[in-house]
Amino acid sequence: MSSTVYQAFVETTKNWPANTFVQVLPETAEIYSIASGELTYQGALAAIDSLKSSYRDAGYGHGHRVGLLLENRPSFFLHWFALNALGVSVVPINADLRAAELEYLVGHSEIVLAVALSSHHEVLRAAAKAAGSPLQIIANDDAPPPAATPAPHAARTPDTQTECALLYTSGTTGRPKGCILPNEYFLHCGHWFANVGGIASLQPGKERMLTPLPLVYMNAMACSTMAMVTTGGCLI
């Protein structure tokens with residue numbers, strides 16, 4: 001039984017290495033200015049492990065938090081799983097946040113690095129300055145800079161109770177609440193969805209799932225994503 005999201009992805013890759021993990025449709029590719037096509041589990045894992053090595057060599061590890069402002073691009077998954085392998089929690093950042101909301105999130109989450117679309121770097125820098133945060137900001141393809149602080153729990157091996165992600169509520173009745181979600185939460189969502197049955201029955205190695213929901217919310221990030229990872233399916 002896998003104890004982290006990364007380990008679950010590794011196990012699925014062993015079973016279905018040639019299966020498509022993510023398919024980028026032409027219309028999606030045009031909107032996001034990325035290449036269309038398919039990324040297999042084996043290809044994704046190679047990219048994930050390369051990123052994992054880069055983050056580890058730069059000093060990122062168990063107890064750090066890293067923000068991801070990548071919308072619903074395949075790169076979101078690659079950075080998430082690479083960081084998860086090291087015990088780093090990810091903080092999905094909504095690209096539509098206003099300046100004050102972004103300032104609050106940057107300060108409250110204590111992220112040490114943000115991997116973000118270049119078009120959002122300026123507003124992130126402004127938010128970090130206003131929050132008094134020494135946040136470092138890079139683009140998806142940039143090498144991570146050296147971590148500004150040592151990993152708080154570097155000696156601990158990531159497990160089911162390790163923080164996997166910090167997701168924020170919408171803040172309808174007040175400031176958004178940060179929800180600390182461990183690996184166990186994501187693994188449970190994936191297994192639950194895979195075994196719920198009925199009209200949502202998932203066949204191992206055969207499913208393709210289209211979800212219009214943003215990855216900054218738990219439904220797409222935990223339920224849809226992990227259901228496909230659990231069963232070797234494809235995200236569209």
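Predicted, not measured: the structure shown is a model, and the values here were computed from it.
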More than 12 heavy atoms of other residues, nucleotides or ligands under 6.0 Å from [atom1] of [X]: is that the case?
X: K206; atom1: NZ; answer: no
X: E110; atom1: CD; answer: no
X: Y217; atom1: OH; answer: no

To the closest 0.5 Å, what do you measure between [atom1] ([X]) and [atom2] ([Y])?
X: F193; Y: L202; atom1: CZ; atom2: CG; value: 6.0 Å
X: L124; Y: K129; atom1: CG; atom2: NZ; value: 15.0 Å
X: I31; Y: R73; atom1: CD1; atom2: CZ; value: 10.0 Å
X: L68; Y: H79; atom1: CG; atom2: NE2; value: 7.5 Å
X: H120; Y: E71; atom1: NE2; atom2: CD; value: 5.5 Å
X: M1; Y: L187; atom1: CE; atom2: CG; value: 6.0 Å

Does a side-chain heavy-atom distance below 4.5 Å link [X] with [Y]?
X: Y60; Y: L113; answer: yes
X: L215; Y: T225; answer: yes
X: T160; Y: S3; answer: yes
X: P214; Y: N94; answer: no
X: I34; Y: P74; answer: yes
X: M221; Y: V90; answer: yes
X: N84; Y: F186; answer: no
X: M209; Y: C234; answer: no

[X] and [Y]: which non-hydrogen atoms are nearest, and at how many Å?
X: D159; Y: N183; result: O-ND2, 3.0 Å
X: P144; Y: I138; result: CA-CD1, 4.1 Å
X: A114; Y: L135; result: N-CD1, 3.7 Å
X: L78; Y: A44; result: CD2-O, 3.9 Å
X: G67; Y: I111; result: N-CG2, 3.7 Å
X: V5; Y: C164; result: CG2-SG, 3.8 Å

Could you walk me through whether L117 and L70 pass the side chain to side chain contact (heavy atoms under 4.5 Å, CB included) check?
CA-CA 6 Å; L117 304 174; L70 298 168; 4.3 Å; yes
Hydrophobic side-chain clustering at under 4.5 Å (ILVMFWY, transitive links): who's grouped with L25? Put none if nobody.
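Via sub-4.5 Å side-chain contacts, L25 links to L210, I236.
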When the ring planes of W80 and F76 are compared, do they come out parallel, tilted or perpendicular, using 30° and 60° as the limits?
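The rings of W80 and F76 stand perpendicular, inter-plane angle above 60°.
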Where does the angle between the aromatic ring planes of F21 and Y41 fall among parallel (under 30°), tilted (30 to 60°) and perpendicular (over 60°)?
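It falls in the tilted class, 30° to 60°.
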Hydrophobic cluster membership, [X] vs [Y], 4.5 Å side-chain cutoff:
X: F77; Y: W16; result: no
X: V216; Y: V115; result: no
X: M228; Y: W192; result: yes
X: V229; Y: V196; result: yes
X: I180; Y: I93; result: yes

Side chain to side chain donor-acceptor pair (under 3.5 Å) partners for R125, two or more places apart:
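Applying side chain to side chain donor-acceptor pair (under 3.5 Å) to R125 gives none.
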Could you list the residues that satisfy side chain to side chain donor-acceptor pair (under 3.5 Å) with Y168, not counting sequence neighbours?
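By the side chain to side chain donor-acceptor pair (under 3.5 Å) rule, Y168 matches H108.
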Heavy-atom donor-acceptor pair, H64 side chain to G61 backbone, under 3.5 Å:
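Between the backbone of G61 and the side chain of H64 there is a qualifying donor-acceptor contact (under 3.5 Å).
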Salt bridge (Lys or Arg N to Asp or Glu O under 4.0 Å): pairs with one or both residues in residues 18-36, sequence neighbours excluded
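Non-adjacent pairs meeting salt bridge (Lys or Arg N to Asp or Glu O under 4.0 Å): zero.
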Could you list all the salt bridge (Lys or Arg N to Asp or Glu O under 4.0 Å) pairs where at least one residue sits in residues 46-57, not counting sequence neighbours?
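Sorted result for residues 46-57: D49-K52.
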With K14, which residues qualify under salt bridge (charged side-chain N to carboxylate O under 4.0 Å, His left out), at least two apart?
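Partners of K14 under the salt bridge (charged side-chain N to carboxylate O under 4.0 Å, His left out) test: E11.
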